[in-house]
Asks: 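One structure is given below, represented as structure tokens, and several questions about it will come after.
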Number of protein chains: 2
Amino acid sequence: MGATKTEHFTDKQNQIATIAKALGHPARIAIIEYLLKVNTCICGDIVNELPLAQPTVSQHLKELKNAGLIKGNIEGNSICYCIDEKTFDTLKEYFSKIILTVTNQKCC
Amino acid sequence: MGATKTEHFTDKQNQIATIAKALGHPARIAIIEYLLKVNTCICGDIVNELPLAQPTVSQHLKELKNAGLIKGNIEGNSICYCIDEKTFDTLKEYFSKIILTVTNQKCC
DNA sequence: ATTTAATATCGTAATATTGCAATATAAAGA
DNA sequence: TCTTTATATTGCAATATTACGATATTAAAT
């Protein structure tokens with residue numbers, strides 16, 4: 001016990017859960033909002049912006065990248081990060097569909 | 001260490017992260033989708049639907065309720081659960097704003 | 001009053017996440 | 001080449017999550 005029973009759920013359910021999980025930490029939300037503000041930036045900029053050590057920021061960036069929420073392009077010495085729109089679209093579409101369905105329903 | 005540094009982030013950032021975190025598990029996504037299909041149901045229905053024990057389902061329902069994603073109304077013996085639209089709206093609005101901002105940006 | 005049914009809570013083991021110091025890697029500049 | 005700069009990885013401690021058996025709670029049914 002302790003491990004999520006991933007294999008019992010559909011690919012789509014796991015996909016949405018994985019993306020949501022990546023956004024389930026305030027530091028990662030802060031990183032997304034910072035990227036939104038500055039368009040593109042390097043890891044060091046985020047380290048200066050957030051109250052977290054460089055390895056911690058690097059780890060959060062990795063998780064956001066694994067979930068497809070950001071992209072990282074090597075630019076010589078540093079890595080240029082920016083938001084990956086596609087995955088946010090996937091989420092928005094998913095929630096839009098939920099809301100459309102729910103508005104036709106009656107709650108208990 | 002090990003605990004999230006919640007106090008260093010804004011209320012809005014923590015709010016979005018909390019909601020996203022609640023959706024960051026395939027079982028909870030499956031519960032949302034089941035509720036979407038059947039409109040309303042009781043805990044026992046979900047226990048029959050998912051490959052998880054009753055206490056586990058109860059715990060997942062509690063987290064979804066704490067995040068404001070579902071509502072639970074006592075109906076005599078059992079509890080009637082249904083989706084709470086408001087919180088999904090909050091998420092959708094948040095992602096819509098992100099996408100609107102990103103589409104005017106150029107990635108690296 | 002007792003039993004049954006539906007959920008919640010407690011306790012606990014297994015696993016995952018968070019955060020960071022120390023260290024590694026890799027490219028640019030002197 | 002040696003140093004500097006930028007980022008990633010490793011290893012580990014603290015904490016959180018996941019899952020479930022056992023048990024408690026609460027209301028309906030008999």
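In the text below, chain A, chain B and the rest are named by the order of the sequence lines, each starting its count at 1. Note that the structure is a prediction, hence the values are computed from the model and not measured.
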Asks: Considering every strand and a 4.0 Å limit on heavy-atom distances, what is the contact class for A:Lys21: base, sugar-phosphate, or nothing?
Replies: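 Here A:Lys21 touches the backbone only, sparing every base.
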Asks: Return the value, rounded to whole Å, for the distance between atom NZ of A:Lys65 and atom P of D:dA8.
Replies: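 Atom NZ in A:Lys65 sits about 7 Å away from atom P in D:dA8.
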Asks: I'd like to know if the side chain of A:Thr87 reaches the main chain of A:Gly68, judged simply by a donor and an acceptor atom lying under 3.5 Å from each other, with no hydrogens or angles considered.
Replies: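 Indeed, once roles are kept as given, a pair shorter than 3.5 Å links the two residues.
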Asks: Kindly check if the number of other-residue, nucleotide or ligand heavy atoms within 6.0 Å of CG (B:Asn48) is above 12?
Replies: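 Yes - once you tally the heavy atoms of other residues, nucleotides and ligands closer than 6.0 Å, there are more than 12.
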Asks: Of the nucleotides D:dA19, D:dA8, C:dG19, which one has an atom closest to the side chain of A:Cys43?
Replies: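 Shortest atom-to-atom distance from the side chain points to D:dA8.
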Asks: At a heavy-atom distance below 4.0 Å, what parts of residues 48-60 of chain B sit against DNA chain C?
Replies: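 Under 4.0 Å from DNA chain C: B:Gln54, B:Pro55, B:Ser58.
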Asks: Rounded to the nearest Å, what distance is computed from the CG atom of residue B:Asn66 to the C1' atom of nucleotide D:dT17?
Replies: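 One finds 14 Å between C1' of D:dT17 and CG of B:Asn66, rounded.
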Asks: Tell me which of A:Tyr81 and A:Lys5 sits closer to the 5' end of DNA chain D, going by the nucleotide each one is nearest to.
Replies: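 Nearest-nucleotide comparison on DNA chain D picks A:Tyr81.
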Asks: What pair of heavy atoms forms the shortest contact from A:Tyr81 to A:Ile70, and how long is it?
Replies: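 Nearest heavy atoms, A:Tyr81 then A:Ile70: CD2-CD1, 3.7 Å.
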Asks: Between atom NZ in B:Lys62 and atom C1' in D:dT17, what is the gap in whole Å?
Replies: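 Result: 13 Å.
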Asks: How many angstroms lie between atom CD1 of B:Ile98 and atom CG of A:Asp89, to the nearest 0.5 angstrom?
Replies: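 Result: 11.0 Å between the selected atoms.
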Asks: Which label fits A:His60 and A:His25: parallel for a plane angle under 30°, tilted from 30 to 60°, or perpendicular past 60°?
Replies: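 Because their plane-to-plane angle lies in the 30° to 60° range, the rings of A:His60 and A:His25 count as tilted.
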Asks: How many Å lie between CD on B:Glu75 and C1' on C:dA6, as a whole number?
Replies: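 The answer, rounded to whole Å, is 13 Å.
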Asks: Would you kindly give the CG-to-C1' distance between A:Leu61 and C:dG19, to the nearest whole Å?
Replies: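 After rounding, the gap between these two atoms is 14 Å.
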Asks: Expressed in angstrom and rounded to an integer, what is the separation of A:Asn73 atom CG from D:dT7 atom P?
Replies: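 That distance rounds to 13 Å.
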Asks: Give the nucleotide from the list C:dA5, C:dT18, C:dT7 with an atom nearest to the side chain of B:Ile42.
Replies: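 For B:Ile42, the side-chain atoms sit closest to C:dT7.
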Asks: In whole angstroms, how far is the C1' atom of D:dT7 from the CD atom of A:Glu63?
Replies: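 So the two atoms are 16 Å apart, to the nearest Å.
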Asks: Rounding to a whole Å, what distance do you find between B:Ile74:CD1 and D:dA27:P?
Replies: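 B:Ile74 atom CD1 is separated from D:dA27 atom P by 8 Å.
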Asks: Please name the pair of heavy atoms, one in B:Ala22 and one in B:Ala67, separated by the smallest distance, quoted to 0.1 Å.
Replies: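 Taking every non-hydrogen atom into account, CB-CB, 3.5 Å.
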Asks: Might you confirm whether atom CD1 of A:Ile74 has over 12 heavy atoms from other residues, nucleotides or ligands at distances under 6.0 Å?
Replies: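 No, not enclosed.
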Asks: Considering heavy-atom distances to DNA chain C, does A:Gly24 or A:Asn77 have its closest nucleotide positioned more toward the 5' end?
Replies: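 That would be A:Gly24.
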